[in-house]
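Working notes for the structure below.
Quick note on labels: first sequence line is chain A, next is B, and so on, each numbered from 1. The shown structure was predicted, so the numbers you read here are calculated from the model rather than taken from an experiment.
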Amino acid sequence: MTEPIRSVVIAGGGTAGWMAAAALSKALPPERLKITLVESEEIGIVGVGEATIPIIQLFNQLLNIDEDEFVRATKGTFKLGIEFVDWLRPGHRYFHPFGRFGDDFGVTPFHQQWLRARAFGYPVPLGDFSLNTVAALQGRFQRASADSSPVFNTFGHAYHFDASLYAKFLRGYAEAHGVERIEGKIAEVNLRADDGHIESLGLEDGRTLDGEFFIDCTGFRALLIGKALGVGYEDWSAYLPCDRALAVPTERVADPLPYTRSTARSAGWQWRIPLQHRTGNGYVYCSRFISDEDARTELLANLDAPPLADPRPLRFVTGRREESWRKNCVSLGLASGFLEPLESTSIHLIQTGITKLASLFPDRGFDPAVIREYNRQAREEAESIRDFLVLHYHATERSGHPFWDYCRTMPVPDTLAYKLELFRSSGRYPELGYDLFKLTSWVAVMIGQGIDPQAFDPMVDSVAPRDADRVLSGMRAVIAQAAQQMPSHQQFIDRHCRAADAPAHTQAMKMEV
Amino acid sequence: MSGEAIQSVLIVGGGTAGWMTAAALARAFPHRSLRITLVESEEIGIVGVGEATVPILQQLNRFLGVDEREFLKATHGTYKLGIEFREWGQQGTHFFHGFGDYGPLIQGMQPHQHWLKLRELGDRSPIDDYSMPSAMARRGRFAIPPATAQNPAISFNYAFHFDASLYGRFLRSCAEALGVERVEGKIVDVPLHPESGSIDHVTLADGRELSADLFVDCSGFRGLLIEQALETGYDDWRHWLPCDSAIAVGSEVTSAPTPFTRSTAQRAGWQWRIPLQHRVGNGHVYSSAFISDDEAADTLLENLESKPIGEPRLLRFTAGRRKKMWNKNCVAVGLAAGFMEPLESTSIQLIQSAAVRLIDYFPRRGFDSVAIDEYNRVTANEHERIRDFLIAHYCLSQRTDHDFWKECAASAVPDTLKHKIELFAATGKVPLYSEESYQEPSWVAILLGNGVLPKSYHPFVDYIPTDELRRMFRERRGELVRAAESMPTHEAFIERFCLAQAA
């Protein structure tokens, strides 16, 4: 017989808390599941997650959120991928697209055909076979629809948005679906004597919040899962040594680009995220190799417009909670771990955490098999993302800076070493268990970071080189033409989803070089 | 580029594994850009227990450009919608593992979750009532599913039953048409290269020597190359899968062919029934530790529905897998790579996926060890996931009538399977790992069928009002019956499209 959970308490607002509240409120009506979210206006949200990856569309669909309405409410823009500048070496750039390269032909994946063509002197860069890349670098965007040309099957997009507006947007949704918000600061977490489960949260003003199931969205502090339940933290800073960030918004100077830019700096990297009304910037760095003051100077020297505020400091330790779920408490967002924003995975991890939670939603028995399965999936997912991030730092030719010398020579996780070895030998990529980033992403970043396969797949030879060149040239032309027919990103926003107080087309697109 | 291209492949052994690998490689390397030779001996019979398949064989047919109906005509084949299990779990029970699901997702959830709720409320309709392949099988109907899902409620897939020796012949003609050269001969020696320890060549009884850049061992259980020459080693799984023998015999056709395989549990194993156009294939898989070969043969013959054709054939095997399916310059495919009993008809599937994976990881003459490791890792996972699926058929048995079943229920199972069963028992969810051949609906069929009833259903099911849920399920039952009854009988379908000349 089932003993359903009747009440959930979410500790902490912010992106994690409100995403969880919105999703759960959609899954069950309030008379079946009472959802309470406690947050304090005194505690700010971290909200570094201003950029997303395409899977966020699934979350919006689940909630029946209209894309245009959502982009308008969050002053968002569209994101076709990430441009990496100076990562391999100063002066080098490559693009990680959120859509596939070309089309597979013969019995091998596309990139294998490209590898052979390149080995025989075919001069066209990989990016020319990605509609996402070509459109992004021309500042164009178009939504794929049912009657789009087939080349749009390779096209994908995500968003940039204002994280605090996103939390507000989700709060509106959740409250409309019966979630109760309580203003208050958590003073203590009370455990049941017999089994050590969380019984209630004590607030500073003396109120007590009882619940059957608790979701810890308290950020780095991990008040419930860490402090109260004592779940430890697995430190990954040997692989991902950056531990601080400075974030600063700047004025909008041009039409927003439809992609994030990440530029390598002396002891880390700088992000640039264009929104409708401003640009988000930040420097993620490693305090062992640069002082806060020098980092601040380096960041301010590399802005393309005047800052709108003082840079806001953040501290973190990359890693993950040893168990994302223990007893009657599951952690989401920063409470469950932190992977730096290099590939915009923070919001994604919240989303998959919620998806996993929805799929394995417990009853009051909290069966150990459920918790074990949730933690197994969470671990596989976090480790695959960790490997992908480490790849960016490790596979570099940058030298001279102590930070990059460390990254280039550090030992990497065995799973990543294995992936690198296989790709280097034959351009193949192994899927090890659950992997968020698929072949295209790994290929884009491996090639972008200069991992050159020593051989291509012999099966490529089943297509004659001349035929392959003809197919490649045809694909490239189709992609170029499809990109050309798209409106500019700003035109698209103006037509569909411009926020009322955001500027329309500012000036001719200024492409930075 | 490091390593020159492989110029030649020698496949050792015909049979399903040899000829399927030959045909697939020849198709992947068009214009005879790879020299493929297959050596086999007419003196050595093929095992050919694999008379039933799973749906993925359709993909191979498409890859080879095989016309499905011609293929069924040539192999005296029939269609297969799944497997009916009788007496498993408990005596007197039966259930169907169909090639399909229990309906589209409802509110993003597998419909068996909703079924669990209705059951808790007293609805006793079996889960099979919501399976399209089951509805068809029960009525002896068959039709090809529409290419695009016009109605997602009516979704099913299909596989085939066929005569394995005719299938070997059929694949041979495909392979030879694609340029594979067949050499008749018996291998007497497999000398290794003195330095590398790789296979240097094979020597035939008449003294001929055949060498190649790459060797594919399809010599069956013996593993002539992979084991006898390279001494690769074998992981024995008999403590999990205790059956080690099979007796097979054909019988006369006396009724319309069923569009499904039947598997009936016996006192120390189980018996298969596979309907072909011209005969019925039967076999008894058992553990020789619990009954003698004579007893096993008696059981088989007693349970035939019609007169046997020929003498029963005895087979011995050891469940398990080769420690490395690819070792140095030799890849083992088929029984040389590992053996699992035909309970879910996975032998031919494993041959097919090995051949496709060999194409994916096709080497150069340098034999890059990382690529070989990856081939072995993925292949081992695939075998182990199927192994778990088969063990689940045995370990959940509640039969107490014979020691064999009591021992199956008492044996420890792999941790991966233990976790699956525990999670399902708690929530009705099935955790899936990498390289799973069977997705959630298949696991649900076996776990529910063998009597694991989850303690609770998914809480979000309650979002749908109970009356509404009852109506949806009642309608689905009716819809499946109507859809099945509008289809031709399996027999009529075969007669119309793929009747063999002689049948």
Side-chain angles (χ1 to χ4, degrees), chain A residues 1-6 24 26-29 32-33 62 106-109 115-116 119 355 358-370 372-374 376-377 380 418-426 428-435 453-464, chain B residues 1-6 24-25 27-31 33-34 63 107-110 116-117 120 356 359-366 368-371 373-375 377-378 381 418-427 429-435 454-463 465:
Chain A
M1 264 303 145
T2 56
E3 297 177 308
I5 301 266
R6 292 156 303 195
L24 290 181
K26 175 74 176 14
L28 281 174
R32 246 309 258 105
L33 184 70
L62 175 78
V107 288
T108 50
L115 283 172
R116 179 181 67 174
T355 309
S359 143
L360 292 165
F361 202 78
D363 64 17
R364 296 205 296 281
F366 292 100
D367 194 285
V370 170
R372 192 165 65 222
E373 176 64 9
Y374 185 98
R376 180 183 78 88
Q377 291 180 16
E380 275 192 14
Y418 183 69
K419 290 171 188 174
L420 283 169
E421 208 185 339
L422 185 64
F423 192 81
R424 199 171 267 135
S425 72
S426 57
R428 292 175 172 119
Y429 172 71
E431 274 196 33
L432 304 176
Y434 177 87
D435 205 341
Q454 288 151 11
F456 51 83
D457 186 333
M459 295 307 301
V460 167
D461 290 332
S462 63
V463 180
Chain B
M1 289 285 136
S2 74
E4 290 166 58
I6 296 267
L25 282 179
R27 176 69 185 77
F29 285 92
H31 321 302
S33 51
L34 177 71
F63 179 64
Q107 297 268 332
M109 259 172 297
Q110 293 281 352
L116 286 169
K117 173 173 178 173
E120 197 172 298
V356 170
I359 292 170
D360 274 354
Y361 285 88
F362 204 77
R364 290 173 185 275
R365 271 150 93 174
D368 179 60
S369 65
V370 197
D373 289 349
E374 177 63 7
Y375 179 96
R377 185 186 70 80
V378 174
N381 276 348
K418 186 163 177 271
H419 177 56
K420 270 199 171 94
I421 295 171
E422 286 176 3
L423 186 69
F424 184 78
T427 64
K429 278 279 321 155
V430 181
L432 296 176
Y433 308 111
S434 303
E435 280 86 48
K455 173 169 74 76
S456 61
Y457 58 86
H458 194 292
F460 296 176
V461 165
D462 287 339
Y463 191 81

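Between the Ser425(A) side chain and the Pro453(A) main chain, no donor and acceptor come within less than 3.5 Å of each other. The backbone N or O of Pro4(A) sits less than 3.5 Å from a side-chain atom of Arg364(A), completing a donor-acceptor pair. Side chain of Tyr463(B) to backbone of Arg32(A): no donor-acceptor contact under 3.5 angstrom is found. Of the possible donor and acceptor atoms, one in the side chain of Arg27(B) sits under 3.5 Å from a partner among the backbone N and O of Phe63(B).
Residue Phe460(B) holds its CZ atom at 9.5 Å from OG of Ser359(A), rounded to the nearest 0.5 Å.
Contacts between Pro362(A) and chain B at a heavy-atom distance below 4.5 Å involve the backbone alone (N, CA, C, O). Only the side chain of Arg376(A) comes within contact range of chain B, with at least one heavy atom under 4.5 Å from a heavy atom of that chain. Residue Leu25(B) does not touch chain A at all, counting heavy-atom pairs closer than 4.5 Å. Only the side chain of Thr427(B) comes within contact range of chain A, judged by heavy atoms closer than 4.5 Å. Using a 4.5 Å cut-off between heavy atoms, Phe424(B) does not touch chain A at all. Within the 4.5 angstrom heavy-atom criterion, only side-chain atoms of Arg428(A), from C-beta onward, approach chain B. Only the side chain of His458(B) comes within less than 4.5 Å of a heavy atom in chain A; its backbone stays farther off. If you measure heavy-atom distances from Lys26(A) to chain B, the contacts under 4.5 Å come from the backbone alone. Both the backbone and the side chain of Asp373(B) have a heavy atom closer than 4.5 Å to some heavy atom of chain A. For Glu431(A), the part lying near chain B is the backbone, with the side chain staying farther off; criterion is any non-hydrogen pair under 4.5 Å. Within the 4.5 angstrom heavy-atom criterion, only backbone atoms of Pro363(B) (N, CA, C, O) approach chain A.
Salt bridge status for Asp457(A) with Arg116(A): absent, with no side-chain N to carboxylate O gap under 4.0 Å.
Each of Ala28(B), Ser369(B), Ser33(B) has some count of heavy-atom pairs under 4.5 Å with chain A, and the biggest count is that of Ala28(B). Heavy-atom pairs under 4.5 Å with chain B peak, among Ala369(A), Pro29(A), Pro368(A), at Ala369(A). Your options are Arg377(B), Lys418(B), Gln107(B), and the one with the most heavy-atom pairs under 4.5 Å with chain A is Arg377(B).
Scanning for side-chain contact (heavy atoms from CB on, under 4.5 Å) contacts around Leu62(A) gives an empty result, with sequence neighbours left out. Under the rule for a salt bridge (Lys or Arg N to Asp or Glu O under 4.0 Å), Asp368(B) has no partner lying at least two apart in sequence or in another chain.
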**Prompt:** Do Arg372(A) and Asp367(A) pass the salt bridge (Lys or Arg N to Asp or Glu O under 4.0 Å) test, and can you show the C-alpha distance, the side-chain angles, and the key distance before you say yes or no?
**Reply:** CA-CA 9 Å; Arg372(A) 192 165 65 222; Asp367(A) 194 285; over 6 Å; no

